Protein chains: 2
Amino acid sequence: MSGKIESSRKTLSGAYQVILSVDCVVFGYDENDKELKILLIKNELEEFKGKWSLLGDILQSKETLEEAANRVLQFRTGLEDVYLEEVQTFSKPGRHPLGRVITLAYYSLIKIDDYELNVAKLDLEARWFNIKEIGELAFDHNEILAVCHERLKQRLREQPVGFSLLPRHFTLKQLQNLYETVLEVEFDKRNFRRKLKNMDVLMEKDGIQQDVAHRPAKLYAFDYDKYETLIRKGRHFAI
Amino acid sequence: MSGKIESSRKTLSGAYQVILSVDCVVFGYDENDKELKILLIKNELEEFKGKWSLLGDILQSKETLEEAANRVLQFRTGLEDVYLEEVQTFSKPGRHPLGRVITLAYYSLIKIDDYELNVAKLDLEARWFNIKEIGELAFDHNEILAVCHERLKQRLREQPVGFSLLPRHFTLKQLQNLYETVLEVEFDKRNFRRKLKNMDVLMEKDGIQQDVAHRPAKLYAFDYDKYETLIRKGRHFAI
DNA sequence: ACAAAAGTGTTTATTATACACCCATGT
DNA sequence: ACATGGGTGTATAATAAACACTTTTGT
């Protein structure tokens, strides 16, 4: 490795340049199958014929990386204002067969129902995959997926991000199912509910669950103001 | 923002390219003054005359970003194998006055004593600054510093990274001082020691503190094997 | 003998865990 | 009436927090 330091120069002319891309692991939670899913598209490069890829694109000149990631999400899902978090770079010199492309991995959480509403309009070649049944992806996307999945699990335990995967109104059982599925653990129903009640970050909604063949459950929504109050008190969200 | 998606193309020719740099917030802990310090160098661009900068450089063709960050650290401090963590990108189009330069922020933890040993050899224009007395830096480096400082505090609470800021052998008081300085809180001595004892991640060393005008304290070192055992048991390091 | 920091236990409050039954609804 | 999931409380264990004195060393 060279020990030379380039930034001592007073001009940028001739400096080594790269193509920067963003790749986004789009997570969705399927309540029927109780599965965590990710959205993939067919890759178009000869080198990766038949393989699936994460949603990505090359950074454009007038946007930040986060804006690029949002643009990709908007284009591929029709959704705006989705939860998006930068994860890390993948910069091995050989990771792209056609040249030096360095990618920034993001993960995103979307309400799978909202997405389904947009599919018809978008005429997509995208598909949802159960995260447990992902084969070999293009590029280093399996590695990116693994890192993002790990990050999601970590965040889910310490930040109120899970609500981004559920409909706006949900039952406590749905919330518990989500946590159990993604974290691959089981929680005691009473303790889980007590924990939520003690943190006091949910608001009760008026309606109740519809069309179920048993006692309908109460509906809740995440209450951001209550969450801020929790944080102001120096407490943390934790499951 | 354009809604076009470029990655559908089957070639990279003509794609928008950028200069990628790494910038590293180098933290050191000064035991005498009980201060968290960072290492800065004089900026050389006309636009930032007299301002100080983080340690950085432009990514070269055959290295990863992490390798670039290590190269910068090696060049500027003479140290290898220092703790280094990727934090986040800074990609606003106008952040560099001479062109589109996107930077990857890292933070690094070094043993300030080791560094001092190397200063003579290196003939550096670098200086340590108390993190509480940082003025206006070049570029968006104040923002980068703030984000990295926040990240350090967070890591210090949940990961055994603090030991990278202390000499290999340290007293429990030194460790507590470090935590109190960086986190800006105070801990009860007995509770702090009990917590460390219960986690069982330290090994006792044979020697004792030298040249102090009071009862000399026992010396300890971080024990990575014990830490791994802790993790294997499903427990976490936390202060 | 004095100064200065090292080292050490107990009590109390808080939080986490384990565990089982009755309730409301649709069929 | 029965099947299905909804909803609730208590006892115990583990962890965190608050708090003060004796010990060892150098001067």
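Just so we're on the same page: letters track the sequence lines, and every chain starts at 1. Quick caveat, the model's predicted, so the values are computed rather than measured.
In this structure, CD of Q174(B) is placed 13 Å from P of dA5(C), rounded to the nearest angstrom. Atom CG of D188(B) and atom C1' of dT11(C) are 14 Å apart (whole Å). When the P atom of dT17(C) is taken as reference, atom CG of N198(A) falls 13 Å away, rounded to whole Å. Rounding to whole angstrom units, CD of residue Q209(A) and C1' of dG5(D) are separated by 9 Å. Separating the CZ atom of F187(B) from the P atom of dC19(D) is a distance of 17 Å, rounded to the nearest angstrom. Put simply, CG on L175(B) is 13 Å from P on dA6(C), counting in whole angstrom units. Atom CZ of F192(A) is separated from atom P of dG7(D) by 13 Å (rounded to the nearest Å). Rounded to whole angstrom, the span from the NZ atom of K197(B) across to the P atom of dT15(D) amounts to 17 Å.
One side chain, E85(A) or Y83(A), offers a donor N or O that lies under 3.5 Å from an acceptor on the other. For the residue pair E158(B) / Q154(B), no side-chain donor-acceptor distance below 3.5 Å is found, with atom types taken as modelled.
Across dG6(D), dC19(D), dC19(C), the shortest atom-to-atom separation from the side chain of H214(A) is found for dG6(D). The side chain of A217(B) sits closest to dG7(C) out of dG7(C), dT8(C), dG26(C). With distances taken from any side-chain atom of R215(A) to the nucleotides dA17(D), dG7(C), dA24(C), the minimum falls on dA24(C).
When each of P216(B) and N191(A) is assigned the nucleotide of DNA chain D with its nearest heavy atom, N191(A) is the one assigned upstream, toward the 5' end. Toward the 5' end of DNA chain D, the nearer of the two residues A213(A) and K195(B), judged by each one's closest nucleotide, is A213(A).
Residue D33(B) qualifies as enclosed at atom CG: its count of foreign heavy atoms under 6.0 Å is above 12. Atom NZ of K218(A) sits in a crowded spot, with more than 12 heavy atoms from other residues, nucleotides or ligands closer than 6.0 Å.
Between the base of dG7(D) and the side chain of K218(A) there is no donor-acceptor pair shorter than 3.5 Å. With hydrogens and angles ignored, no donor-acceptor pair under 3.5 angstrom links the side chain of R190(B) to the base of dA17(D). With hydrogens and angles ignored, a donor-acceptor pair under 3.5 angstrom links the side chain of K189(B) to the base of dG7(C).
Between R194(B) and dA16(D), a side-chain N or O to OP1/OP2 separation shorter than 4.0 Å is absent. Taking only side-chain nitrogens and oxygens, R235(B) never comes nearer than 4.0 Å to OP1 or OP2 of dA14(D). Note on R193(B): a side-chain N or O is less than 4.0 Å away from OP1 or OP2 of dG7(C).
Looking at R157(A), K153(A), K34(A) one by one, the single match for salt bridge (Lys or Arg N to Asp or Glu O under 4.0 Å) with E184(A) turns out to be K153(A).
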